[in-house]
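This report refers to the structure that appears directly beneath it.
All values below were derived from every heavy atom in this structure, side-chain atoms included, with hydrogens, water molecules and symmetry-related copies excluded.
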Amino acid sequence: MSPLALLLIAIIIALPTAWLASEFRDNRILRITLGILAIGVTATCVWTLNAVLTRFNYNAWYGSATGDLIRTSLAQIEDGHLDRVLKVWRGFDQQYKPSYENRANYKGLVEEATRRMRGDVPIDAGSPWDASVFRSDTWVGHWEDDYGYWIVINDLGRPFDIVRSGDPPTKMHSVTVSLDFTVLKFKEGDQWSHTLTLTNKFEASHD
């Protein structure tokens with residue numbers, strides 16, 4: 001046992017003992033001082049012990065939940081349910097928002113995720129677990145075709161501002177995007193209507 005631990009134990013034992021002994025003396029100030037110190041040290045020890053035990057408890061359920069999440073993911077992937085596992089992981093990622101103030105319902109989210117991975121609970125369309133592989137920021141940036149024409153998409157507009165290459169550059173209008181962010185449509189002037197469909201996060205087909 002470390003010297004610091006021995007010192008703390010000595011203080012914890014000595015203060016109440018001294019307080020008890022002071023009750024047989026006439027020094028009222030000494031009795032009050034020792035009483036306050038004994039109560040303060042005892043309360044601090046109880047609070048510290050509770051914090052340590054609580055942390056151990058959190059570590060235990062965090063480790064157990066994480067282990068269950070990993071084992072379920074591997075088992076379902078090995079059984080051929082890769083797409084379902086990826087969808088659930090995307091939903092988990094979008095819902096898990098930890099901070100120093102809370103644990104972001106980690107244990108509850110893991111339980112919901114594993115049930116959906118195993119197929120015990122369906123993944124309802126439009127629910128937070130029905131997460132698309134694409135998001136709004138997938139479209140943001142510089143896109144260029146094989147002929148050197150380009151467009152720049154930014155998220156300053158609703159849903160986007162789009163500018164096409166040219167001198168001067170042409171701003172597109174009537175911009176719409178599908179709910180799963182797969183298809184982006186916009187118009188160029190009064191004649192042209194463009195449809196971009198994502199094939200992955202970096203490529204899109206154009207009609």
Closest heavy-atom pair and its distance - Thr72, Asp68 |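 Distance-wise, the nearest heavy atoms are OG1-O, 2.7 Å.
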
Can you name the closest pair of heavy atoms from Ala131 and Gly91 and give their distance?
->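 In terms of heavy atoms, the two residues are closest at CB-N, 3.6 Å.
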
Please list all pairs passing the salt bridge (charged side-chain N to carboxylate O under 4.0 Å, His left out) test where one or both residues lie in residues 111-135, with sequence neighbours left out.
->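 The answer is Lys87-Asp130, Glu112-Arg116, Arg118-Asp120, Arg135-Asp137.
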
Could you tell me which residues satisfy side chain to side chain contact (heavy atoms under 4.5 Å, CB included) with Asn200, sequence neighbours excluded, listed by chain and number?
->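 Here the qualifying residues are Phe202, Glu203.
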
Give me the other members of the hydrophobic cluster that Trp143 sits in, counting Ile, Leu, Val, Met, Phe, Trp and Tyr linked by side-chain heavy atoms under 4.5 Å, directly or via other members.
->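 The other cluster members (ILVMFWY side chains, heavy atoms under 4.5 Å, direct or chained) are Val133, Phe134, Trp139, Val140, Ile151, Ile153, Phe160, Ile162, Met172, Val175, Val177, Phe181, Leu184, Phe186, Leu196, Leu198.
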
Non-hydrogen side-chain atoms of Val163 and Thr170 separated by less than 4.5 Å =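 Answer no - side chains too far apart.
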
Side-chain contact, heavy-atom cut-off 4.5 Å: Asp161 with Lys171?
->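 Asp161 vs Lys171: side chains touch.
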
Check the pair Tyr96 / Val110 against side-chain contact (heavy atoms from CB on, under 4.5 Å), numbers first and verdict last.
-> CA-CA 10 Å; Tyr96 183 55; Val110 168; over 6 Å; no

Any donor-acceptor pair under 3.5 Å from [X] side chain to [Y] backbone:
{"X": "Asp180", "Y": "Thr182", "value": "yes"}
{"X": "Ser178", "Y": "Val183", "value": "yes"}
{"X": "His173", "Y": "Gly189", "value": "yes"}

State yes or no: do Trp89 and Val121 share one hydrophobic cluster built from I, L, V, M, F, W and Y residues joined by side-chain heavy-atom distances below 4.5 Å, directly or via other members?
->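 Not linked; separate clusters.
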
Same apolar cluster: Val152 and Tyr149, side chain cutoff 4.5 Å =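 Shared cluster, no.
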
Reported [atom1]-to-[atom2] distance for the pair [X] and [Y], which is rounded to 0.5 angstrom:
{"X": "Thr195", "Y": "Lys187", "atom1": "OG1", "atom2": "NZ", "answer": "10.5 Å"}
{"X": "Trp129", "Y": "Gln95", "atom1": "CH2", "atom2": "CD", "answer": "4.5 Å"}
{"X": "Asp93", "Y": "Leu86", "atom1": "CG", "atom2": "CG", "answer": "12.0 Å"}
{"X": "Lys185", "Y": "Asp207", "atom1": "NZ", "atom2": "CG", "answer": "9.5 Å"}

Specify whether Phe92 and Tyr106 have parallel, tilted or perpendicular ring planes, treating 30° as the upper limit for parallel and 60° as the lower limit for perpendicular.
->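 Phe92 and Tyr106: perpendicular rings.
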
Heavy-atom neighbours of Trp192 CH2 exceed 12 at 6.0 Å |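 No, CH2 of Trp192 has 12 or fewer neighbouring heavy atoms, counting only those of other groups under 6.0 Å.
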
Passes side-chain contact (heavy atoms from CB on, under 4.5 Å), Met117 versus Ser73? Steps please.
-> CA-CA 7 Å; Met117 284 184 190; Ser73 298; 3.4 Å; yes

